[in-house]
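Structure record follows, encoded as structure tokens.
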There are 2 protein chains.
Amino acid sequence: MRRTIEWIDGHVDVVDQTALPQQRRVALHTVNEVVDAIHRLVVRGAPALGAMGALGVALAAARSADQGYDPEAVRTDARRIAAARPTAAHLKWAVQQVLPAVAHGPAAVLDAAAALVEADVRACATLSRLGAALLRSYVGDRPMVLHTHCNAGALACVEWGTALGIVRALHADSLISMVVVGETRPLLQGSRITAFELAQLGVPHQIMIDAAGPGLIASGQVDAVIVGADRIAANYDVVNKVGTYPLALAAARAGIPFVVAAPTATLDPDTPTGAEVTIEYRDPDEVLLVGGWRMAPAESTAFNPAFDVTPADLVTAIVTESRVIEPSRVTESAGGVQPVTVPAMRLVGAY
Amino acid sequence: MRRTIEWIDGHVDVVDQTALPQQRRVALHTVNEVVDAIHRLVVRGAPALGAMGALGVALAAARSADQGYDPEAVRTDARRIAAARPTAAHLKWAVQQVLPAVAHGPAAVLDAAAALVEADVRACATLSRLGAALLRSYVGDRPMVLHTHCNAGALACVEWGTALGIVRALHADSLISMVVVGETRPLLQGSRITAFELAQLGVPHQIMIDAAGPGLIASGQVDAVIVGADRIAANYDVVNKVGTYPLALAAARAGIPFVVAAPTATLDPDTPTGAEVTIEYRDPDEVLLVGGWRMAPAESTAFNPAFDVTPADLVTAIVTESRVIEPSRVTESAGGVQPVTVPAMRLVGAY
């Protein structure tokens, strides 16, 4: 399988995730095209956004070089790219990683971006092995039913997924009996992208509407919930695709593990708790129009937050490429570090 | 506004709820048409299904009278109508209520059905007043934000809703600042039907995807959750549209009331707990096809339960037309009656 994001002949070539399950790639030649691709979710998923951010700055440098290289203009472009999705910690982080190279010219920026992408690919592969071992320790060495939401697979990354990377590693050892996939309204990343990846890998899976997940978990048929993350606060509150929090509530009540798989760069020490995260609100029409048809009356409006916050006390483990963090044990041993949970969703006048 | 279900000139005339927000009525002249209308959700909602069941038996009697009245054939038709949606307690109950009249001919059956419908209309109106008073006691005499799911409004009933009946009663006293409506995938009864009713009533509302509800509740901006019920077990476990349980989990964690509005006939003393309820599984294509387009790869399947079970300990109050039941207080005072929660969802080979 080709990588999700590639640098080819001076431009960035990406899988168009809005077209999946139809397979289509698009070529991005300008910074405007990069920002638009991030905003429209042509590219999505924390690690993929990191690669896109780094290669986006390389593209800005290459375009600037076309007309006499201007480092200050490249830095301005970099800030626009970093801000294209406000909740994505990895995007901002990756842009910052390549910024120092801007002073040294376009070749240096491209080298820095390529190194970052390679490091990310290695990190996801390591994380997947670590996560698979963790789930075996929680569930036992038997085929398991895992529940996931949105897409934290190869298409959310460059070559190898985070949450779905763990699934892939377990599947290689015949330890997956079923993956339950939340369809992930409004944009259906579960039905369109995760199911596509699982079908390609030959992993047995069932799609469900998002609201059915907690009831299935309550029925005792799910062994663990495994999701990615867009940002993790310093107290281990997890910001991920809206609909993650109800699965965490259900997992806690059912007594099954709730595992978050994310590269270290997703951990944001500058954000004390989930309450301080700026939640991205998207166009109400993503909710009101279904398959191109408006389903609600003309008078109705919609509120469309892209993320929710899962408080740290509901998170069994966070798996990165270098370690496993078990937030409830951390807060226990620290004696009194309490997860704070007043997510910053605002109901009225949000969008 | 005309009633949702009417008996006109020897047939049953109903609002086609699959067409909403487009307004269309359909005439049902045969028992086959009645069973099909129930199965396809042309008619839905516990009280409306009760009216449909009773008038369906009246229709069976009228059709039988067309060709020499045969009470045994009418009873066979009645059993088919009662079984059209296995989870709906009210449908089965209403059919049983009119069965004794079958021995006395078609006019007697129609009288019994009409009496049941009138009693139901009165019950919903009384329930709405009782529920409004309860919410004022919980939240206080100030404009409140209520979160609802699916549709328990006038269109789920004959003339006056249950959960939305309470909203309507509060709105009449200027005590609603906002109703948050879960879109209710897969068939979007929230966007199509509840939003339509609220728009008609002039009640401010916002539609959200179902998975966003718990995050909004966690943010502290919702005063109470209010839903209907399709069946309530003897221990007060509540069976309602799938997606109700996650709202109950979120309400419990946020410390806000979770209120269920349902006519007494929804209480099923023959079902000890939610674990014994047969959950209806519907066609996977309701999930896989969105606006007529297949969103998932050809290899993927879906699991489509229509209901979930909310255990009694998460239910703050059940409001009927005659009383308010507070399940956690009931079980406390009874000393040891524990809600049992192993809902009967089966993941594999369900549909």
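Scope of the values below: all heavy atoms of this structure, side chains included, with no hydrogens, waters or symmetry mates. Because the structure is a prediction, the values reported are computed rather than measured. Within every chain, numbering begins at 1; the chains are lettered A, B, ... in the order of the sequence lines, protein sequences first and strands thereafter.
- Scanning both residues, A:Pro297 and B:Pro21, for their nearest heavy atoms gives N-CG, 4.2 Å.
- Contact count versus chain A (heavy atoms, under 4.5 Å) is highest, among B:Ser300, B:Ala254, B:Gly213, for B:Ser300.
- A:Asp210 and B:Ala211 get closest at one heavy-atom pair: CB-CB, 3.8 Å.
- At least one side-chain heavy atom of A:Leu216 sits less than 4.5 Å from a side-chain heavy atom of B:Phe303.
- Counting heavy-atom pairs under 4.5 Å between each of B:Val181, B:Thr184, B:Ile193, B:Ile209 and chain A puts B:Ile209 at the top.
- Residues A:Pro311 and B:Arg253 are in side-chain contact: their nearest non-hydrogen atoms beyond the backbone lie under 4.5 Å apart.
- Between B:Gly215 and A:Tyr245 the shortest heavy-atom distance is N-CD2, 3.7 Å.
- For the atom pair CZ (A:Phe196) and CD (B:Glu299), the distance works out to 8.5 Å, reported to the nearest 0.5 Å.
- Looking at B:Leu314, the atoms closer than 4.5 Å to chain A (heavy atoms on both sides) all sit in the side chain, from C-beta outward.
- With rounding to the nearest 0.5 Å, the separation of CG in A:Leu20 from CE in B:Met295 is 10.0 Å.
- The nearest pair of heavy atoms linking B:Val287 to A:Glu183 is CG1-OE1, 3.8 Å.
- Looking only at heavy-atom pairs under 4.5 Å with chain A, the residue among B:Ala298, B:Gly190, B:Gly243 that has the most is B:Gly243.
- Residue contact with chain A, scored on non-hydrogen atoms closer than 4.5 Å, involves the backbone and the side chain of B:Leu249 alike.
- Residue B:Leu198: no heavy atom, backbone or side chain, is found under 4.5 Å from chain A.
- Atom-to-atom distance recorded for A:Leu288:CG and B:Leu188:CG is 10.5 Å, nearest 0.5 angstrom.
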